[in-house]
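Order of the sequence lines fixes the chain letters, A, B, ..., with proteins taken first and strands second; residue numbering starts at 1 for each chain.
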Amino acid sequence: MPISSLTTGCIQSIMTGTEVEKPVLQILGTKKIASGNDSERYRILISDGKYLNSFAMLATQLNHLQQEDKLKENTIVRLERYTTSMVNKTDKADKRVMIILELTILNDGREVGQKIGNPQTFNPADAASAPAAAAASAPKPTMNNNNYAKNNNVSMNQSINSGHLISPIASLSPYNNKWVIKVRCMSKSQIRTWNNAKGEGKLFSMDFCDQSGEIRATAFRDDVDKYYDLIKQDGVYLISKCTLKAANKQFNHLKNDYEMTFGSETVIQPCEDDNDDSIPTVQYNFTPINRIAEMEDKSMVDICGVVKEIGEIVHITSKTTNKEFKKRELIVVDQSEASIALQIWGDDAVNLMVTFNPLLLLKELDSANSMELKVLALELDPFINSIQIFLSVIKFEDARTGGAGGGSMSTEWLSFFDVRARNLGNGDRPDYFQTKATIQMIRGQNAIYKACSSPDCNKKVVDEGESFRCEKCNITSHTYKARFLVNMSISDWTSNRWVTCFNDLVEQMLGKSASEVDAEIQASAGQEGNENEPFSKMFFQSYVFKLRCKVETYGDSQRNKFTAVAATPLNYKEYNKHLIGDLSRLTGIGKN
DNA sequence: CCCCCCCC
């Protein structure tokens with residue numbers, strides 16, 4: 001590879017505001033800028049052979065280059081994209097810094113082996129006296145047609161801009177409050193309230209991006225009302241006068257050392273053109289679903305998949321905080337032919353259906369061909385809105401162990417033998433596992449109970465003959481709601497257990513509602529010994545049971561109580577895949 | 001100024 005020649009003298013043009021397209025420069029050094037936390041930023045000493053520029057920074061998305069040691073001394077690079085920004089220093093003149101957004105390495109530092117030319121530190125004061133010389137020696141600098149750079153020169157709305165140029169997110173810091181950023185909203189949270197020792201209030205936060213990076217912003221209290229409806233996902237905004245502070249990396253995974261807070265001074269102006277392609281849309285880095293199990297707990301992943309199953313909205317009351325939650329679970333599959341349960345909480349779970357087309361999505365169940373999935377996910381229009389949800393950065397709970405908090409499809413396969421051998425059910429929290437099992441026996445007696453007729457209450461009522469009293473709702477009604485609560489003995493390949501199966505699962509397995517069965521039983525009242533008959537359809541059916549077990553104490557005896565939380569009809573293709581996986585793990589034969 | 005992330 002011949003050594004590339006540098007764009008001699010271009011630093012003068014760049015640092016005085018003239019844009020040079022794709023300049024070729026030599027790196028003479030890199031330096032990590034001290035920062036208060038584990039996020040890094042690198043300053044680069046860069047040369048055009050004539051001038052040195054030490055006010056160049058690497059956009060954080062390029063940090064990997066430094067970490068991979070690709071920016072060694074003497075390396076020659078071509079800047080594919082960069083931007084400059086005026087940094088205001090109160091005691092001195094404004095200073096221009098250069099932020100490198102994208103570069104190509106032309107020659108390795110060792111290959112070049114030396115500093116090219118005898119570059120001198122560029123001094124803007126000198127430039128004023130001799131501007132022509134450098135421009136003449138540069139190989140035809142042309143105006144940079146890069147959109148981002150162009151935007152820097154667009155005359156912005158004076159009301160917020162006060163004549164300042166658009167700054168890249170990467171240049172924001174707590175020491176600089178004279179800036180306007182032009183950003184796209186990548187995501188917006190729900191409104192959340194808090195109530196603690198320090199007081200109460202509400203907030204929402206949103207993540208913004210531009211070409212240089214990303215940053216989180218949070219609005220509190222009155223600002224929530226002011227801005228919540230204004231900020232829309234994918235919208236482009238001009239924003240100024242926020243407070244910056246160090247980002248708390250524990251909760252904020254964006255690539256930025258800082259995060260910002262809206263205040264009374266803050267000005268936000270929506271841009272007319274949300275399609276402005278100078279401001280990037282959300283960038284994804286997809287992880288195949290079958291790799292998630294290998295990742296560290298609580299890792300952040302982007303996934304690209306389609307919905308295989310859509311759960312109902314479930315209302316939950318937290319046992320620790322007594323707070324009400326709404327949840328919906330989706331099963332998502334991707335090209336890796338793996339699936340994972342995706343939990344969607346709060347209003348997101350409710351609003352999901354609005355843009356959802358369950359028919360189209362469910363169609364994938366039958367033609368689960370990995371090649372087709374990709375095309376459908378990316379190109380079928382009705383998918384796009386819903387798919388966006390999965391494309392977003394999604395936090396999966398412990399997908400590996402299937403223990404507390406695991407998604408249903410990531411639940412560990414364990415036999416009843418394993419469960420006993422591992423002493424499961426003895427912890428503070430219940431244990432979850434799944435096994436393929438066949439229903440051997442069903443206890444028909446008391447398989448249906450009379451539940452409170454209020455829609456959200458399933459509590460067993462006190463039967464007062466003519467009326468039914470719910471002690472939870474404190475109401476008495478003349479009607480009740482029949483619900484299943486079935487005990488059945490199920491057997492896997494190692495052993496059998498009595499498990500409790502709640503209403504929805506039994507209705508699903510039986511294809512009949514508890515009310516229908518209740519009516520049948522009433523109609524044939526008096527016939528003894530036929531209690532199991534209504535359930536005969538379920539006998540000897542096999543399912544993949546997802547089970548919860550927890551040791552409970554009854555008087556002075558303890559018993560491991562098993563409850564079915566899901567029963568999926570056997571999909572032999574999938575189950576065989578699991579068995580083949582076990583075989584290859586056990587024997588080392590097969591997969592790599 | 002939040003920082004909770006729930007449940008079966």
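Under 4.0 angstrom from either OP1 or OP2 of B:dC2 there lies at least one side-chain N or O belonging to A:Lys198.
The nearest whole Å value for the distance from the CH2 atom in A:Trp194 to the P atom in B:dC3 is 8 Å. The nearest whole Å value for the distance from the CZ atom in A:Arg192 to the C1' atom in B:dC4 is 6 Å. If you take CG of A:Leu485 and P of B:dC8, they are 15 Å apart, rounded to a whole angstrom. With rounding to whole Å, A:Leu203 atom CG is found 10 Å from B:dC4 atom C1'. The distance between atom CG of A:Asp222 and atom P of B:dC1, rounded to the nearest whole Å, is 17 Å. A:Ile191 has its CD1 atom 20 Å from the P atom of B:dC5, to the nearest Å. Residue A:Tyr432 contributes atom OH, which lies 5 Å from atom C1' of B:dC8 at whole-angstrom precision. In this structure, A:Tyr228 atom OH and B:dC2 atom P are separated by 19 Å, rounded to whole Å.
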message: For a side-chain hydrogen bond (donor to acceptor under 3.5 Å, both in side chains) check, start with the C-alpha distance between A:Ser173 and A:Asn176, then their side-chain angles and the critical distance, and finish with the verdict.
response: CA-CA 6 Å; A:Ser173 80; A:Asn176 162 21; 5.2 Å; no
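Taken from CD in A:Glu259 to CZ in A:Phe208, the straight-line distance is 13.0 Å, to the nearest 0.5 Å.
When only modelled atom types and interatomic distance are considered, A:Ser515 and A:Asp518 share no side-chain donor-acceptor pair under 3.5 Å.
A stacking contact links A:Phe220 to B:dC1: the aromatic ring centre lies within less than 5.5 Å of the base's six-membered ring centre, and the planes differ by less than 30°.
Residue-level contact check: A:Glu200 touches neither bases nor backbone, having no heavy atom under 4.0 Å from any strand. Within the 4.0 angstrom heavy-atom criterion, base atoms lie near A:Lys245.
For the pair A:Lys188 and A:Tyr228, the cation-pi test (distance below 6.0 Å, angle within 45°) is passed.
Of the candidate nucleotides B:dC8, B:dC2, B:dC3, B:dC8 has the atom lying nearest to any side-chain atom of A:Lys546. Distances were taken from every side-chain heavy atom of A:Arg221 (C-beta onward) to each of B:dC8, B:dC1, B:dC3; the shortest belongs to B:dC1. For A:Thr261, taking side-chain heavy atoms from C-beta onward, the closest of the listed nucleotides B:dC1, B:dC3, B:dC8 is B:dC1.
In this structure, A:Gly263 and A:Asp223 approach most closely via the heavy-atom pair CA-OD2, 3.8 Å.
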